[in-house]
Each structure stands twice: as structure tokens, then as C-alpha cells.
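Read through the structure below, which is laid out as C-alpha cells, and then see the notes.
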Amino acid sequence: MIEFQQVTKRYGSDHTALKQVNFHLDRGELAFLTGHSGAGKSTLLKLIMLMERPSAGNVVVGGQVLNNMPRRQVPYIRRHIGVVFQNHQLLFDRTVFDNVALPLEVMGVPARDVGRRVRAALDKVGLLSKEKMNPMQLSGGEQQRVGIARAVVNKPPLLLADEPTGNLDPKLSADIMHLFEQFSQVGVTVLIASHDISLIHDMGRRTLTLEQGRLTGGMNHGL
Ligand code: ADP
Ligand code: ADP
């Protein structure tokens with residue numbers, strides 16, 4: 001589902017954020033991405049999301065080499081990738097329902113299908129009863145679940161999460177991780193960037209470790 005082949009990313013002429021990174025993730029695999037601040041985690045996620053292009057090497061997602069993807073195709077590729085952020089980036093002037101419906105509206109999904117799909121996504125994260133609420137009325141853990149519902153409403157084969165439990169206590173973090181596991185069990189590939197060493201340890205999953213732009217752990221599993 002994701003393959004990095006000797007991927008190097010430089011910013012400007014003197015700063016190398018990723019150095020010859022090699023790994024692949026299979027369909028339905030759930031893995032963590034960890035490393036100190038500045039190690040290159042966000043850069044790696046941005047390469048998958050086509051927010052950055054590699055300086056050398058290949059990034060392959062769903063069998064497509066992304067390196068030379070024409071700019072007009074980028075929005076089409078991104079539709080296949082769900083993204084969950086730490087601060088969940090919800091719109092507080094809209095209901096929970098409307099937040100989750102947003103990606104479908106952008107894609108022009110017919111209104112008659114939107115309700116069914118939004119409710120299916122809210123059901124998966126256990127928030128069906130809160131669709132009419134404003135996200136401001138929800139707890140931190142519930143807000144993050146709305147962010148996850150929005151990320152999966154389009155049924156993407158790939159789910160990326162950048163510090164999704166950064167603001168949550170251990171119990172809520174574990175609940176969120178359980179949700180990600182459920183998605184991977186139905187074939188979604190999940191990559192979670194996290195600093196939370198104890199949470200990662202408890203999950204017992206493959207962990208890609210970056211140190212100053214080099215992958216030092218997790219790269220060979222599953223080959
Ligand atoms: P992490 O997410 O692990 O904290 P990043 O991928 O954000 O790491 O950053 C890796 C390195 O690349 C850091 O040294 C950072 O300062 C640098 N960097 C990230 N984005 C840019 C950018 N747009 N321009 C220049 N340097 C950048
Ligand atoms: P947490 O401990 O997870 O942060 P909270 O104590 O913030 O949870 O919230 C617990 C419950 O109370 C949640 O179901 C949430 O929807 C509800 N709630 C929290 N704040 C408000 C509010 N300002 N108005 C209405 N309901 C709220």
C-alpha cells in the first residue's frame with residue numbers, strides 16, 4: 001500500500017530531513033512512526049500526502065509512483081488518504097454532522113448519499129447520538145473521534161494520523177487506538193506518528209523509528 005524506495009528529502013540546499021528511507025506497509029497493516037522532534041516524521045507523512053515531493057528515490061502509494069504526479073491529479077490521490085490531526089481541525093461553527101460531511105461535499109457526493117455515509121462513519125466511532133451537537137460541546141476524546149469519522153467517511157484505503165492522541169489521557173488514547181485497530185482489521189492501512197512511547201509499547205505493533213532522517217527501526221518487517 002505504501003512503499004518508500006531510497007527516499008531522500010532536502011529542504012533548501014543544506015538541510016536533509018530524510019535520508020535514503022526504505023520501508024513498505026501492506027494493506028491492512030497498522031504501524032507507528034516515532035522519533036524525536038525534528039527526526040522527519042511530518043516530512044514522511046507529507047510525502048505520502050503529496051504535500052512535499054522527494055528530492056531522490058520513489059514514494060509509491062497504492063501502486064502509483066507519486067514523484068512525478070501532475071499537480072492536477074493531486075486532489076484525486078488525496079481522496080484515497082484519510083488524515084487525522086492532533087488538534088483535529090474541526091469547524092466550530094458547524095455541527096458534528098456537517099464536519100464529517102465536509103469531505104463528501106468537496107467531492108460532490110449527492111446529498112441523498114451524504115446522510116447515510118456520515119451516519120455510518122459516526123456509528124463506527126460511537127457518536128451517532130451527537131450528530132446535531134456543536135463540536136465545542138464535546139469532550140477532547142469525542143472531538144478526536146469526530147476527526148476520525150471525518151477522515152474515514154470517504155472509506156479511504158489509507159489512514160494517516162499525526163500525533164492523534166497528543167492531547168488525550170492514557171485511557172482515551174487507548175480507546176482511539178482501538179478504533180484505529182478496527183479500521184486496520186477491515187483492510188485499511190494505518191500509519192500513526194506518535195511520541196507516546198508507553199502507548200506504542202502497549203500496542204505491540206510494528207514501529208518505524210526515525211533518527212535524524214534515517215530509519216533505524218521497523219523497516220524490514222513483513223518483507
Ligand atoms: P518531525 O515531524 O519529526 O518533528 P519534520 O519532518 O517536521 O520532523 O522536520 C524534519 C527536519 O526538517 C527538521 O530539522 C525541520 O526543521 C526541517 N524542516 C521541516 N519542514 C521544513 C521546511 N518546510 N523547510 C525547511 N526545513 C524544514
Ligand atoms: P473528558 O473528561 O473526556 O474531557 P468532559 O468531562 O469534557 O470529558 O465531557 C464529558 C461529557 O460531557 C461529554 O459527553 C461531553 O459531550 C459533555 N460536555 C462537555 N462539555 C460540554 C458542554 N460545554 N456542553 C455540553 N456538554 C458538554
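Whatever order the structure lists ligands and atoms in, that order sets their numbers, starting from 1.
- At distances below 3.5 Å, at least one donor-acceptor pair connects side-chain atoms of Asn134 with backbone N or O atoms of Phe92.
- Transitive grouping of hydrophobic side chains (ILVMFWY, heavy atoms separated by less than 4.5 Å) keeps Val60 and Val188 in distinct clusters.
- Contact annotation: the side chain of Lys130 never approaches that of Gln137 to less than 4.5 Å [non-hydrogen atoms, C-beta and beyond].
- Of all protein heavy atoms, the one closest to atom 27 (C) of ligand 1 is Tyr11 CD1, 3.2 Å.
- By the 4.0 Å N-to-carboxylate-O rule, Arg119 lies too far from Asp123 to be salt-bridged with it.
- Salt-bridge annotation for Arg205 and Glu181: present, with a side-chain N of the basic residue lying under 4.0 Å from a carboxylate O of the acidic one.
- Remark: minimum distance from atom 7 (O) of ligand 1 to any protein heavy atom is reached at Ser42 CB, 3.6 Å.
- Inclusion of Glu52 in the set of residues having an N or O under 3.5 Å from an N or O of ligand 1 is not warranted.
- Every atom of ligand 1 with a heavy atom of His36 under 4.0 Å away is listed here by number and element: 3 (O).
- Of the protein's heavy atoms, none falls inside 4.0 Å of atom 16 (O) of ligand 1.
- Contact analysis puts Gly40 in contact with ligand 1, with a non-hydrogen atom separation below 4.0 angstrom.
- Considering both main-chain and side-chain atoms, Gly38 comes within under 3.5 Å of ligand 1 through a nitrogen or oxygen pair.
- With hydrophobic clusters built from ILVMFWY side chains whose heavy atoms lie under 4.5 angstrom apart, Met51 shares a cluster with Val74.
- Protein heavy atom closest to atom 14 (O) of ligand 1, with residue, atom name and distance, is His15 NE2, 2.9 Å.
- Summary of contacts: the protein heavy atom closest to atom 5 (P) of ligand 1 is Thr43 OG1, 3.7 Å.
- Residues Val83 and Asp162 have side chains not in contact (no heavy-atom distance under 4.5 Å, counting atoms from C-beta outward).
- Listed by number with element, the atoms of ligand 1 under 4.0 angstrom from any heavy atom of Lys41 are 1 (P), 2 (O), 3 (O), 4 (O), 6 (O), 8 (O).
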Worksheet item: Is there a side-chain hydrogen bond (donor to acceptor under 3.5 Å, both in side chains) between Gln6 and Asn22 once you walk through the steps?
Response: CA-CA 5 Å; Gln6 293 285 104; Asn22 288 302; 2.6 Å; yes
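- Residue Lys46 has no nitrogen or oxygen atom sitting less than 3.5 Å from a nitrogen or oxygen atom of ligand 1, judged on distance alone.
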